[in-house]
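Whatever order the structure lists ligands and atoms in, that order sets their numbers, starting from 1. All values derive from a computational prediction rather than experimental measurement.
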Amino acid sequence: MSIRKDSTGSLKIIALAGAEEIGMNMTVYTYEKAGGEAYSILVDCGVGFDSMPGAMVMIPDIRAIKELGLKIEAIIITHAHEDHIGALPYIYHYLQAPIYATPFTCGLLEKKFHYLKNRHYKTEGIDLTQIEEVDKANLIVGEEVPKERKKKINQVRAGDTKKFGPFTIQWVNCTHSVPDSAMLCIETENGIRVVHTGDWKDDIDPLVGVPTDFETLAKFSQKGVHALISDSTNIHEELDAVSEGLVLESLKKLVKDTKTGKFVLTCFASNVARVKSSLEAAKEAGRKVLVLGTSLKKCIEVARELGYIDDSMVIDEKEAKELAPEKVMIISTGSQAEEGSSLWKMAHKTLEAGSVLEKGDTLVFSARVIDGRQHEVRKVINKLVERGIRIIHPWNSDSCIHASGHPTQPDIEKLIKLVNPKFVVPVHSEAEHRVSHIAFAKKLGYKAFNLRNGTIAEICQDEIKKAGTVKTGRIAVDGQRLISVTSDIFVKRKEISDNGFIMITVRLKGQSVGNLLISDYGVYDSSDGKSKKDNLNAIRAALNALLSGRSINIAEKETTKKAIVNEVKKVVNRSIGKNPIIGVHFTL
Ligand SMILES: [Zn+2]
Ligand SMILES: [Zn+2]
């Protein structure tokens with residue numbers, strides 16, 4: 001291994017997110033010259049899968065970029081999964097750097113930006129405004145923008161090498177469950193080399209795209225790699241990863257053997273290989289295909305435009321209704337039973353479901369269930385089983401109906417030995433994955449570095465060390481706002497959802513108390529009018545007693561408000577044992 005010994009600069013790696021959760025991937029690479037001048041790139045910009053009450057998705061808190069005084073010069077995206085690209089449309093305003101990605105990722109990003117072009121996600125309670133407000137022209141995809149900025153979305157291909165200031169980056173083909181996934185071979189001007197795997201697996205029959213390019217990785221690695229920033233998702237799996245080719249064969253058999261009823265398959269929208277397998281299985285069994293779900297339709301459109309799939313057997317809802325059930329396959333979003341997804345609508349028989357599942361239909365869950373979604377998936381399954389629908393999922397079937405897109409231990413070992421890094425740095429991990437991955441690397445005789453969210457890891461030629469920490473966190477996308485997850489909005493929403501809300505309006509006649517208006521939301525059962533009325537009257541009686549004869553001037557309003565809140569809480573708690581939020585208004 002020959003690693004240059006000059007130390008004109010150092011490379012710092014900061015995981016802003018993605019090292020303590022599976023999701024929300026975002027890593028900053030900063031090269032600092034001896035004089036202190038820094039150049040930074042951002043790798044991936046994903047959303048998280050957990051949620052706050054009422055919020056749509058989570059994105060990484062990027063305030064650390066400002067705190068460290070960094071300017072992001074380029075955003076490099078490894079692949080088109082939501083946990084790697086999903087946050088971009090929400091925070092691009094605040095990053096304003098050109099994006100570099102492979103064709104499928106660019107195609108999906110352009111659709112995302114186009115879809116969201118009229119929405120500006122404003123911050124509330126957090127300051128992300130280190131970069132000037134976006135110029136409208138900058139929002140036009142692919143168009144040259146003022147101030148000598150580069151195009152917003154720039155296409156690169158596997159094998160391409162590009163220079164970004166002191167960084168040289170090579171994109172390397174890898175297999176994953178979405179087309180055009182890439183690993184990154186990163187080299188700094190003073191010869192520090194890093195392999196950033198993104199999400200990958202070793203599959204000789206990936207169906208979409210080509211197998212992982214170990215040859216190019218080996219060539220880069222010959223020069224000596226300091227750090228392997230590595231996917232940890234399946235570090236606990238000891239067996240070889242299942243090939244997508246096997247899933248295709250299983251699906252073909254399943255569809256062929258299903259002689260009656262509609263055949264429905266749900267998978268992640270971006271799993272183009274699975275969609276391709278489903279389309280092939282449908283074609284062979286003489287079924288036409290109805291696609292349900294906006295995100296799925298978007299992915300299929302991009303995949304077709306790039307020649308990855310043939311969707312000629314896709315039909316619309318009207319055509320599907322005219323066909324016999326055994327002539328129809330449905331590919332649907334909703335494998336995680338997300339509320340409002342097409343599968344969820346079909347399970348709940350909502351009007352806009354697009355199709356109805358009937359007794360005798362078959363539904364295949366061709367996806368793993370993300371942690372935290374098991375309960376919701378079970379609810380949908382039980383609803384459908386009650387209606388006589390046959391459900392096949394990975395944990396009740398011997399058929400191979402899902403293959404993970406991530407490397408298991410044999411793949412991880414193969415890559416570590418091939419790249420032969422000075423340090424293995426696990427990411428795409430919860431703590432348990434990270435700790436296991438570190439132990440696994442050590443067992444193979446390699447050193448490993450514990451990179452947590454916010455750790456500033458500094459690589460200087462022969463070592464990698466912790467050079468500090470920076471605050472990280474999550475921001476919730478709530479309607480058109482970006483709000484810190486620590487905002488009291490979410491505390492109050494949770495309280496209201498758990499305990500309900502009571503509103504007291506006190507009419508004032510000058511400084512004396514007039515009549516009271518009392519209403520509740522989610523405290524008393526509206527279907528039991530008498531009980532509700534009795535309870536509200538009990539509150540009214542207690543407040544009348546409390547306020548009787550009281551004169552309320554401006555100075556006393558707050559004190560009176562507190563007394564009202566305490567009194568109402570007392571009455572409600574005594575009668576039903578709940579502790580609702582109480583609002584008090586004074587009006588003339
Ligand atoms: Zn992925
Ligand atoms: Zn991922």
Quiz prompt | Check: I153 and E110 side chains under 4.5 Å, non-hydrogen atoms | solution = yes

Self-check item: Residue pair E301, K111: steps toward the salt bridge (Lys or Arg N to Asp or Glu O under 4.0 Å) verdict
Solution: CA-CA 10 Å; E301 204 181 314; K111 286 201 187 306; 3.0 Å; yes

Quiz item: Should T30 and Y39 count as side-chain neighbours, where that means a heavy-atom distance under 4.5 Å?
Solution: no

Quiz item: From D199, does some N, O or S atom reach closer than 2.8 Å to the Zn ion (ligand 1)?
Solution: yes

Quiz prompt | Ionic contact status for K112 with E82, cut-off 4.0 Å | solution = yes

Self-check item: Minimum-distance N/O/S atom that D83 presents toward the Zn ion (ligand 2)
Solution: OD2

Quiz item: Quick one: which of H196, H437, H406, H81 gives a ring-ring contact (aromatic ring centres under 6.0 Å, His included) with H428?
Solution: H406

Practice problem: Measure from the Zn ion (ligand 2) to each N, O or S atom of H79 and report whether any distance is below 2.8 Å. | Solution: no

Quiz item: Which N/O/S atom belongs to H428 and is the closest one to the Zn ion (ligand 2)?
Solution: NE2

Quiz item: For the Zn ion (ligand 2), what is the closest N, O or S atom on H84?
Solution: NE2

Quiz prompt | N, O or S of H81 under 2.8 Å from the Zn ion (ligand 2) | solution = no

